[in-house]
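Okay, structure first, notes after.
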Amino acid sequence: MSELLNVVGHPLILHKLTIMRRKDTTTDNFRRLLREIAQLLAYEVTRDLPLELVPIETPLAAIDAPQISGKKLCLVSILRAGNGMLDGMLDILPAARVGHIGLYRDPATLAAVEYYFKVPEDIAERLVIVVDPMLATGHSAAAALTRLKAAGAATIKYVCLLAAPEGVAALHAAHPDVPVYTAAVDDHLNAHGYIVPGLGDAGDRLFGTK
Ligand code: URA
């Protein structure tokens, strides 16, 4: 059973994250590092997948060897920055299905409005791993999880690169059944909803849009 908050502070992850945080890190390096960290987070988020023994023959002997059993996987990217973590996750979990969810915040009501939603039909039978690098206010993350549950998702894990304490608290309050995996929990959110010290706007840095 995983903890509700899993801070994956492996030295490789923290070293790569430090390079990502630097304001002068180039777009191509930022993108490559996010992919590499997603690979390492995939290792941790799948740590408790159940195994079963299957009979196999090596060139030397017949043995019962472990293979993953039980739930199939579905990765869900919260657009657009979530896409920066997808390829790294898929490097490690190549058979996973993939869903996408797009939300924007209505400037008047501040409510999360859905503009795109596509997930596998059998999502109810899958372990759903939601990816989005920055867990900031937690509002869009909570809305995404609510929408995924409405579509049938029953077992969900949430993986990000960086979290704000406020975002972790908001997500846990709304979805106490969803464990969060992150490389680090930073100090606070600023008045504009950015994580401090953070790394800036992950989507812009990933896609070079600013
Ligand atoms: N989204 C980002 O990309 N960066 C933040 O600091 C907060 C939300």
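Both ligands and their constituent atoms are indexed starting at 1 by order of listing.
Near ligand 1, residues Met134, Ala136, Gly193, Tyr194, Ile195, Gly200, Asp201, Ala202 come within 4.0 angstrom through at least one heavy atom.
Looking at Lys16, its side chain never comes within 3.5 Å of a backbone N or O of Glu36 through a donor-acceptor pair.
Nearest heavy-atom pair across Leu103 and Ala144 is CD1-N, 3.8 Å. Looking at every heavy atom in both residues, Ala202 comes nearest to Phe30 through O-CE2, 3.8 Å.
A salt bridge links Asp204 with Arg80: the distance from a Lys NZ or Arg NE/NH1/NH2 to an Asp or Glu carboxylate oxygen falls below 4.0 Å.
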Which donor-acceptor pairs under 3.5 Å do the side chains of residues 158-173 make with protein atoms, sequence neighbours left out?
| unit_1 | atom_1 | unit_2 | atom_2 | d |
| --- | --- | --- | --- | --- |
| Glu166 | OE2 | Leu189 | N | 3.2 |
| His172 | NE2 | Leu4 | O | 3.1 |

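Shown are Asp201, Asp186, Leu199; of these, the side chain to side chain contact (heavy atoms under 4.5 Å, CB included) with Tyr194 is made only by Asp201.
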